[in-house]
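Each remark here refers to the structure printed beneath this line.
Worth knowing before you read on, the calculation uses all heavy atoms, side chains too, and leaves out hydrogens, waters and symmetry mates. On a predicted model such as this, the values are computed, not experimentally measured, just so you know. Order of the sequence lines sets the chain letters (A, B, ...), proteins ahead of strands, with each chain counted from 1.
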2 protein chains.
Amino acid sequence: MGGRRDRRPTIVDVARKAGVSKSLVSLVMRGASNVSEASRQAVLEAAQELGYRPNAMARSLVQQRSFVIGVMVSDLSNPFFIDVIQGATEAAREAGYRALVNTGGRQKDNEEDAIETLVRLQVDGLVLAGSIVDAQFIERVGAEVPTVITNRHSRSKVIDSIVIHDRKGAAMAVDHLVGLGHRKIVHITGGRGAGARNRLNGYRQAMKRHGLEEEIRVVAGAYTEKGGAEGVARLVDEGVEFTAILAPNDLAALGVLEALNARGFRVPEDVSVVGYDDTFLAGLGHIDMTSVRQDARQMGAQAVEMLIERADGQRTTTDHIVLEPTLTIRSSTAPPPH
Amino acid sequence: MGGRRDRRPTIVDVARKAGVSKSLVSLVMRGASNVSEASRQAVLEAAQELGYRPNAMARSLVQQRSFVIGVMVSDLSNPFFIDVIQGATEAAREAGYRALVNTGGRQKDNEEDAIETLVRLQVDGLVLAGSIVDAQFIERVGAEVPTVITNRHSRSKVIDSIVIHDRKGAAMAVDHLVGLGHRKIVHITGGRGAGARNRLNGYRQAMKRHGLEEEIRVVAGAYTEKGGAEGVARLVDEGVEFTAILAPNDLAALGVLEALNARGFRVPEDVSVVGYDDTFLAGLGHIDMTSVRQDARQMGAQAVEMLIERADGQRTTTDHIVLEPTLTIRSSTAPPPH
DNA sequence: TGATTCTGTTGGAACGTTCCAACAAGCGGG
DNA sequence: CCCGCTTGTTGGAACGTTCCAACAGAATCA
């Protein structure tokens with residue numbers, strides 16, 4: 001029992017057992033067409049009996065191709081990225097590739113390390129989802145392996161990017177609120193997070209467009225529940241008046257809801273709240289929050305498709321794709337009081 | 001620009017450029033001690049200039065060691081597993097390993113495929129988190145690579161396991177509710193999910209222990225929001241009376257909260273609700289739900305530590321670890337009405 | 001001085017695959 | 001009967017590393 005350390009059987013072991021050459025075993029394992037039925041059976045049987053599994057590393061070494069797509073995701077606790085991963089995983093599988101995920105936990109060093117690990121493993125392509133590492137570092141990596149970066153603008157000549165139009169998304173949220181009659185609309189920012197800057201600009205521009213330049217109010221926050229709650233605390237401390245809040249993402253919006261609740265504001269009767277990303281959190285019946293929708297799944301899938309296109313040599317130019325956001329209206333927004 | 005396809009530089013290229021042998025380059029890259037300062041500098045410089053990165057596959061091939069731990073996680077949308085991943089990632093990093101994640105999306109075929117991929121990549125160890133594949137399949141894998149399975153009981157002689165005492169956890173929830181004065185406590189099950197059976201048994205036994213055998217009421221559910229909501233629907237349809245609900249996990253508990261809310265029940269005034277896993281969802285200020293705590297992070301970390309112990313050959317026996325759950329009491333539980 | 005140890009360096013053999021040129025056997029056609 | 005073609009099969013070279021036994025030269029020792 002526990003016959004673990006007996007060293008895994010190799011293609012040569014199978015060949016010996018089946019009484020053929022290793023080349024033939026290789027052919028059978030890859031499903032080649034011109035192999036006699038007799039040999040095929042003998043090989044398969046021997047492989048079965050020995051519990052043989054091809055060594056993917058040895059294979060990639062000679063093929064110069066691993067059929068693995070590496071996905072480096074900045075923050076696993078953000079449901080948005082989970083959807084990106086699932087989209088990527090599925091698309092990879094459909095194309096005969098596998099997606100492997102590595103995370104850096106929003107720490108620069110660890111993210112670099114995670115990326116480095118994947119590159120050394122000779123992945124055929126790399127998806128960087130919301131990474132915070134330097135553009136310079138990414139550029140170097142991109143020179144070696146096809147890379148797509150998501151949720152972060154890039155003008156690189158080497159690296160593809162795929163983002164969702166953040167400025168437009170924020171503007172849609174403002175439009176919706178103004179349409180309901182709100183004027184005192186404030187924005188809690190996402191700090192240095194990916195895309196936060198553009199969401200802020202979108203808010204500003206939309207406010208101006210509606211002639212509400214005077215009403216623009218912005219406080220610092222972050223892409224976390226805590227960031228949202230602190231934003232509300234700042235607003236209240238500074239005595240800012242508001243009837244609607246645009247949060248930088250859903251997680252922060254949850255913090256906003258909580259903080260408002262703790263201070264006796266009712267949502268949406270007293271204050272309307274809009275989230276961003278439209279993750280499953282926003283859809284939870286108990287929360288049911290209006291949120292700007294980004295199709296994370298599609299983003300992940302598309303990123304992988306772009307990589308495979310490159311890996312197959314079908315494309316040599318660089319692409320920068322911008323997807324359109326939509327607005328999912330739920331019950332956290334309503335006309336302002338009186 | 002875009003000098004991608006120039007073939008990556010190898011150790012030989014570096015050697016040539018530095019005017020030394022490839023062996024020496026290898027020594028420098030691995031930080032060996034007895035290398036002259038002059039050679040070291042020359043090699044590092046050449047490597048830097050060429051943008052050389054060691055090929056991890058070639059390395060593992062000869063070392064018979066990849067320093068990669070594979071983590072196959074059943075369901076990425078369950079926040080519980082995210083914590084397992086994070087614990088595993090961190091523990092691996094501390095030990096000089098890397099964790100790579102692959103998911104099967106709760107589909108048997110895909111899970112098997114995900115596991116197979118990792119094994120072929122010659123991972124040094126495998127963590128199976130909440131996997132639903134056959135015990136037989138797992139057993140075969142375990143014979144080849146050190147494997148730890150979590151959240152699922154195992155008596156295997158080959159595979160380590162690490163679970164949290166589900167029976168005890170469910171019992172703690174019942175104890176808490178009974179302590180508050182509840183008698184009509186119902187359980188919505190987790191269906192065929194990992195550990196669901198034991199949670200059900202824990203509920204039953206605890207009810208008996210409190211002399212509430214007559215009050216035992218069980219309806220089918222699942223480890224999803226939908227599963228929880230459907231459970232409530234069944235309870236109401238069947239006209240079951242209850243003052244407290246034990247959900248199979250947090251996600252389901254959210255569905256329960258929503259369904260109760262929709263039917264005009266107030267929580268906790270009319271009905272108390274207890275979740276399971278104590279994920280960040282339960283802690284969200286807006287939800288603030290009592291939940292049985294399982295330390296997922298620690299579980300992930302411990303799994304990796306067990307694997308590395310094995311990989312280093314420090315241990316040849318099989319371990320089956322049972323962790324203790326605790327109860328996090330929040331505001332979704334209170335004494336029953338009147 | 002000659003033997004011994006230490007320091008730094010080296011080439012070739014592995015690791016487990018795939019690729020490729022080459023071949024043997026069988027077959028049909030002239 | 002020989003030629004060319006097809007069908008299966010093969011051994012050796014490659015992939016990019018690490019390992020290992022072996023070395024040259026300097027330093028140490030008796």
Most 5' of A:Arg53 and B:Lys22 on DNA chain C, judged by nearest nucleotide
B:Lys22
N/O (side chain, B:Ser23) to phosphate O (OP1/OP2, D:dC19) under 4.0 Å
no
Supply the atom-to-atom distance A:His320 NE2 to A:Thr318 OG1, rounded to the nearest 0.5 angstrom.
5.5 Å
To the nearest angstrom, how far is B:Asn34 atom CG from D:dG25 atom P?
19 Å
Can you tell me how far C1' of D:dT17 sits from CD of B:Gln122, to the nearest Å?
15 Å
Can you tell me how far P of C:dG12 sits from CD1 of B:Ile11, to the nearest Å?
16 Å
Length of the line joining A:Arg16:CZ and D:dT10:P, which is rounded to integer Å
14 Å
Does A:Thr10 make a side-chain N or O approach to OP1 or OP2 of C:dC15 shorter than 4.0 Å?
no
Distance, nearest 0.5 Å, that separates CD of B:Gln86 from OG1 of A:Thr103
6.5 Å
Five-pair end axes of the helix from C:dT1-D:dA30 to C:dG30-D:dC1 and the angle they enclose, rounded to 10°
60°
Knowing that exactly one of A:Glu112, A:Glu111, A:Lys108 qualifies, which makes a side-chain hydrogen bond (donor to acceptor under 3.5 Å, both in side chains) with A:Ser131?
A:Glu111
Nearest-Å distance, CG (A:Leu27) to C1' (D:dT7)?
13 Å
Here the distance between atom P of C:dC15 and atom CD of B:Gln64, to the nearest Å, is 8 Å
For atom CD of B:Glu45, decide whether the heavy atoms of other residues, nucleotides or ligands shown that lie under 6.0 angstrom number more than 12.
no
So, OP1 or OP2 of D:dC19: does either fall under 4.0 Å of a side-chain N or O from B:Gln63?
yes
Roughly, in whole Å, what's the span from CZ in A:Arg40 to P in D:dT7?
15 Å
Please determine if a side-chain N or O atom of A:Arg30 lies less than 4.0 Å away from the OP1 or OP2 oxygen of C:dC19.
yes
Any chance CD of B:Gln63 has more than 12 other-residue heavy atoms, nucleotides or ligands included, within less than 6.0 Å?
yes
DNA chain C: 5'-proximal contact among A:Met57 and B:Gly19 (nearest heavy atom):
B:Gly19
More than 12 heavy atoms of other residues, nucleotides or ligands under 6.0 Å from CD of A:Gln136: is that the case?
no
For A:Ser36 and A:Ser39, which I'm curious about, is there any donor-acceptor pair between the side chains at under 3.5 Å?
yes
By nearest atom, which of the nucleotides D:dT18, D:dT10, D:dG16 is closest to the A:Leu24 side chain?
D:dT10
From CG of A:Leu61 over to P of D:dG16, roughly how many Å is that when rounded to an integer?
7 Å
Check whether any side-chain N or O of B:Ser39 sits under 4.0 Å from OP1 or OP2 of C:dG8, and answer yes or no.
no
